[in-house]
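Proteins come first, then strands; the chains are lettered A, B, ... in the order of their sequence lines, and each starts at number 1.
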Amino acid sequence: MSDSAKDLHSEYMVINMGPSHPVTHGTVKFLLTLEGETIIDMKVDIGFLHRGFEKMCENGTWEQVMPYTDRLNYVSPLINNVGYALAVEKLVGIDVPERCKYIRVIASELSRISDHYTNIAAGAMEVGGFTAFLYFVEARELVWDLIEMLCGARVTSNYVRIGGVKSDLPDGFKDKTRDVFKKCRKLWADVNKLLTKNRIFIDRVRNVGIMPPDEAIAWGFTGPCLRACGIPYDVRKFHPYLVYDQMDFEVPVGEKGDNFDRYLVRMEEINQSMRIVEQALEKIPSGPINVNMPEYRWQSKEDISTRIESLIFHFKTVTEGIKPPPGEIYSAVEGANGELGFYLVSDGSGKPYKCRVRPPCFPLTAAMPKMVKGGFIADIVPTFDMINMIGGECDR
Amino acid sequence: MEANITINKLKARFAESIVDAHSYRGDDTAIVKKEELLDIFIFLRDDKELLYNFMMDLTVVDYLGKEPRFEVVYHLYSLAYNRRVRIKTRVSESECSVDSIVSIWPSANWFEREAFDLYGIVFKGHPNLSRILLYDSFQGHPLRKDYPIKKRQPQIGPNNN
Amino acid sequence: MAANLIESIVKILFIFSVNIGFFSPILGWVERKQSALMQDRVGANRADVCGFTLIGLFHPIADAIKVLTKEDFIPEGADRLFHTIAPFISLTPAIITFAVIPFGGQYELFGHHVNLIIADLDVGILFVFAFASLASFGSVLAGWSSNNNWSFLGGLRASAQMLSYEVVMGLNIIGVIMVYGTLRLSQIGAMQADFFNWGIFLQPVGFVLFFTCAIAENKRAPFDVAEAESELVAGYFTEYSGMKFVMFWMGEFLEIVTIGALVTTMFFGAWHLPFVSDQMLLNYFRFAGPNGAASLAIVVNIITFFSKVIFFIWLQMTIRWTLPRFRYDQVMRLGWKMFLPIALINIFITGVVILAK
Amino acid sequence: MIDTLKRKGGCSSCGGVDDDSRLLGGSVILTKLEAINNWGRKYSFFQYPFVTACCGMEFMSVCGPKYDLDRFGAALPRFSPRQADLLMVVGTISHKQAPILVKVYNQMAEPKWVFAFGVCAVSGGFYDNYATVQGIDTLIPVDIYVPGCPPRPEMVIDGLIKLQQKVMESRWSDYPKGASPVSNDK
């Protein structure tokens, strides 16, 4: 700085970015201290979407938690469903049938694809690439068609049940998936052309929001953001759940841990997830989709109207809830943003005593100031997009 | 037994600090005294055979009616050995404070703020222990079992409890 | 004298109606439809009058009605005077610059000499620049007078960006001036009667730089850092509502037209069809008598000119919906560290070539 | 509380219509002007997306290629409340968020409309607890309610068309709506 800058009266500009600001998606507030365009200091305020998830869970039965998990990471609700169901099953000690495992893998991966689409689309839109945004919204729409076919809902699916899934794969699902993936791959290629080699886009995201691997671990990064730093930690590989150990897929890793690496990791994960879905659809065995434990499983509608025991069990599970044995467990799945952990405490009653979610984007958001300090205002945009903070999950 | 290496090492090193340990459904759990929490965590993080470098989760469970009332639960993960452990420490209502572990894992910063916000546990030595999910004018700690679920404290607008 | 007056008034009315009456509303629609086309959408098409929708052409009218009846808001603590005049300052230059842009040749019509340009200034290009740089005051004043941090940042960005790119744009023009040896835009146009004399062949680098700088000057994507939606909410016009806010947009749209017209005039043969000079046109239309031939030639000139302008408008729209936004410092770096040296080298090479001839 | 909201413009059929018809109702020109004005307004909603939660995903879809809200002239998002006509409240409003919503509403220039998108905005949805506002109509007047968790795009489009009809039926006297009744702002 020259002498004139010292002599002149100058002060930092303190500016409030959000919570109702286009980049903050309505659920986070940045308090910025700026020197010109450079960020001197940043405070992050979250909680604008705190909806009392845990309190609601503690006041409902174990089954009634399922719809609330949909709305944690509302971009990939099926993964949350699966994560919660697996956690309760671990608490009870259920092993679900093979076919159910495959269906859950398919559902999770479809959800992951749509999550990454949304994330990249939003990221592209916010750096000004509106066309790329709409291409991926269109691709996501196609994937949602599949999800709708599977469970009848587009966004909040409520598809997985403790000890199984709501319904079997519909007829023609495999063919439809093939069609959809064909179109999705084409749109993926379009977006790839629009962004990956676009000099302006690369300039915006490369070397921005860098997180070195050791610090990323210390800050609790997981998921694509950690893999972008070069650490191949993926729950699907490290603690294989369901049938991920029988699937052939790769875990893409980045080198630098900047926003461009995060973008590339997500782009590649879309492809890998498609591979998993295709493999799962090939290998899926026939058989039941629910465990044969009437005190835990959700009775099928057909049985309820034809069998008296089913009706009784249905009545009991709905009114009192299932009753897992007292104890506590922690179970993690690979969410779209990272490790999605459920810590459940049961006191033996029909309601969860404690249902804690380990939100993957919570520590990521906490590290925002670290990643953008010293950068420009404009750097907040891609960084915040690439950490993919989802209000429902971060604030719960 | 390989699975219990963490517990065994902890027991060998901090014999009198470990109140209890169990391994329910494969989850290794140690309940420790809160006085030696920081030393235990530094040991877990730095020991060559443990290397718990991830502080995955921090939460609190409110056992209303029991004494001590609260349990602070830490979930750690070791990338090098692909191992998880749960450390718990008990905190009474009258003296509900534990040492902050932000100096060991920066990721604990927000988790501790959240625990403070929702359960009112004070983390001693935390750089900025303030409310995070709720607003400053909020009275009480909503996830405590004695907080009524529908007790609203609006900042603006009608209070239709 | 009276004939001259009538001629001027007719020309002014023509350009005014084309710009304000046709281009500025229609461009809003074009932008919507163009983006819809690129994004696999349908775009606005529901506004109807008596059941006719005319592929959404009524939407600009609906927008205009709504905007005219929208509350005009001046924020607390704002400088009322400057807040009010800023949009006018922003809009006026875009309209005025069209005065010196020729949209046709010179003809004898009913014994009267018709020059298809409103004001044939001998410093035409300088006039354009003088007024174009006034537009930056509009953004700066808007940003400063709004008493809003985001507006302020937007205004700062706008002023820095527009000033920088004006420098480069001016240097690009020097190449053109050197080649044609005149500042008069009608003469530059006339000299491009020969296809291989078009500016694009004589100054290819100049064209690319000029076009890019012009988009940057207009603050359109990918250079829209001054109003960057995701960073600065709406930039310097965050605090504007209703008609004043739309005036910024109209200014932007009209500037798109002006840029198209300038590029056409300087680099793409102005009103000339390739390989067809005005004299040849008159010869083609000999069958209609001297006055008829001149009138037909004028029509052909105008159609040619505006077709080219429309092409460049389309090009700008396509660029806007394809590319992401630069970061502010990257815009400045591009201007000063890339374009400025290239423009200087371009002038140098042009000079060497002219000397060598 | 609810009474105030209604008077402030909760619905178009109550309030000042009677006074208005006595003053201006007979005038053909004014009625025609009103109709033209309403026609312009209904096809030119610049929306302010107040997107907070899950419904935002459907909101993206509604603006996306398949459903394309732009067909109705309502796709242009303006993130400055001064320039927006339609406040799209998309998602749960928590008590922490409530003052911001009210502020944004007050900052909007007249005429303005509010679109409650999703059941959380309509009534709080199944989040009946300490953290969430039980419907944004306790804070600001709402013009159209679209329930659903989240509503399907078809429902949103239906809601928008209903809002257009409502705008078409509105009178001069329905505006201005003024500041939110719960706020202290003037």
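Atom CE in D/M57 sits 12.0 Å away from atom OG1 in A/T156 (nearest 0.5 Å). With rounding to the nearest 0.5 Å, the separation of CZ in A/R51 from CG in D/D128 is 14.0 Å.
Side-chain contact between A/H50 and D/Y130: present, with at least one pair of heavy atoms (C-beta onward) separated by less than 4.5 Å. In this structure, the side chains of D/F126 and A/R71 come closer than 4.5 Å at one or more pairs of heavy atoms. The side-chain heavy atoms of D/P153 and A/R154, taken from C-beta on, include a pair separated by under 4.5 Å. Residues D/R152 and A/E148 meet the side-chain proximity criterion, which asks for heavy atoms closer than 4.5 Å. Side-chain contact between A/D145 and D/K66 is present, with at least one heavy-atom pair separated by less than 4.5 Å. D/T132 is not listed as a side-chain neighbour of A/M56, based on a closest heavy-atom distance of 4.5 Å or more.
The nearest pair of heavy atoms linking A/G52 to D/A131 is N-CB, 4.1 Å. The nearest pair of heavy atoms linking A/P19 to D/I100 is CG-CD1, 3.2 Å. For the residue pair D/S94 and A/G47, the shortest heavy atom distance occurs at OG-O, 4.2 Å. Of all heavy-atom pairs spanning A/L134 and D/C63, the tightest one is CD2-O, 4.0 Å. Here the closest non-hydrogen pair linking D/T52 and A/T27 is O-CG2, 3.0 Å. Nearest heavy-atom pair, A/W144 versus D/S61, reported as atom, atom and distance to 0.1 Å: CZ3-OG, 3.2 Å.
Proximity to chain D (any heavy atom under 4.5 Å) is shown, for A/Y68, by both the backbone and the side chain. Using a 4.5 Å cut-off between heavy atoms, A/I46 contacts chain D through its backbone alone, with no side-chain atom that close. For A/P67, the parts lying under 4.5 angstrom from a heavy atom of chain D are both the backbone and the side chain.
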Residue pair D/M60, A/V75: steps toward the side chain to side chain contact (heavy atoms under 4.5 Å, CB included) verdict: CA-CA 11 Å; D/M60 276 163 94; A/V75 199; over 6 Å; no
Test log, rule side chain to side chain contact (heavy atoms under 4.5 Å, CB included), inputs A/L49 and D/Q97: CA-CA 8 Å; A/L49 193 55; D/Q97 185 90 296; over 6 Å; no
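Between chain D and the residues A/R140, A/M125, A/K55, the largest count of heavy-atom pairs under 4.5 Å involves A/R140. Ranked by heavy-atom pairs under 4.5 Å with chain A, the list D/G56, D/C149, D/C120 is led by D/C149. Comparing D/C54, D/P49, D/G64, D/P150 by heavy-atom pairs within less than 4.5 Å of chain A, the highest count is held by D/C54.
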